[in-house]
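Comments concern the structure below.
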Amino acid sequence: MKGISSEIGAGGQPMQRFLREFILTTFKDKKLGGIGLSNLDDSADFGEYVITIDGHTVQPIFFPGGDIGRLAICGTINDLSVMGAEPVAVASSLIIQTGFPEENLRTILESMSKALEEVGASLLCGDTKVVDDPIDIYVTTAGIGRYNQHLEKNLGVVRSYREYPYNFIGDNTLLPGEKIIVTGTIGDHGISLMSLRENLGFETSLRSDVNPLWPVVKSALRVGGVTAMKDVTRGGLSMVLNELAAKSGVNIHIYEEKIPVRREVRAATEMLGLNIYEIACEGKAVIGVLEPFAKQVVRAIRGTKYGGEAEIIGEVVETSGEGHVILKTRVGGETLLDPPMGDPVPRVC
Ligand code: MG
């Protein structure tokens, strides 16, 4: 009998195939709003709300810049935020190994509480199980976000230029001519974990970017013109761009020299032979914006705590419907940025 391979949990092409072959063939998409199960978006909407859920199994559970508690809250908050939804409530399931130090649990819970406070969301309910399996701790978080005045303003701006099919922000909604923004440096999370695991010595200067994206997203929505959004997680920038392009049926041009990458992150990827575009982030989003608003949106994002290095990195071009991402290199060449098989660094979230 065929077993489940670790690749399907790595956020790349095999996971997409798994979702189509197992999930979408088993469950009917009884849409309650515009974006449902079969959209495979960051969240799904029902009435004035969106819902999402994420399991977190990161190793090690404490890392430079955060821990599994902050990661669990931010991961969920970010999937709500990139729908344009204001994060309001989280439910959490803790699965803890017998003998896990109480002090560590307290630290993780405090990280969760602090991350929730940053965006004004609350923990509404939860569940705790203790097992003998050697897992340390797994944290699963479900979240609910709601329609808000910033999203309403944004949709008003977008609809004065083009049609828009949803009441929240989708990821299959890019049109030619729109600009692509990344909200900051890429690869920080994956490389800081890898560096810690492999003792590369970057731990002192390199930290995970695990942060809640709602303030960044809110600043963009306030300007208006946002047409599509996804947070960059497993599979990195490449996965997100490829999903946006394929789902929207457009091609995207990306300019290598515009993509913000920290010096230490670039050095580490070169040392390890990793593709920087496939490394996980935990506090960055890719945003599609109407061209006339792109510069103003970047300025607004740069004014927020976690958006200081936002850049316009590319644009949506006229399409053959193939969903290609084309990287324009520094030296003037072109290469196809293929969707990754998964994240090359395992258990990053
Ligand atoms: Mg997401």
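Note that ligands are numbered from 1 as they come in the structure, with each ligand's atoms numbered from 1 the same way. Values in this document were obtained by computation on a predicted structure and should not be read as measured data. By convention here, the first residue in the shown sequence is residue 1.
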| said: Salt bridge check, K230 against D42: does any charged N sit closer than 4.0 Å to a carboxylate O? | reply: yes

| field | Atom CZ of R106 with >12 non-hydrogen neighbours under 6.0 angstrom | value | no

| task | May I ask you to decide whether K328 forms a salt bridge with E334, counting only side-chain N to carboxylate O separations under 4.0 Å? | result | yes

| request: Could you please give the number of protein N/O/S atoms within less than 2.8 Å of the Mg ion (ligand 1)? | output: 3

| task | Could I get the full list of ring pair (Phe, Tyr, Trp, His ring centres under 6.0 Å) partners for Y164, not counting sequence neighbours? | result | none

| Sub-6.0 Å ring centroid separation between Y161 and F293 | yes

| Does NZ belonging to K31 count more than 12 external heavy atoms closer than 6.0 Å? | yes

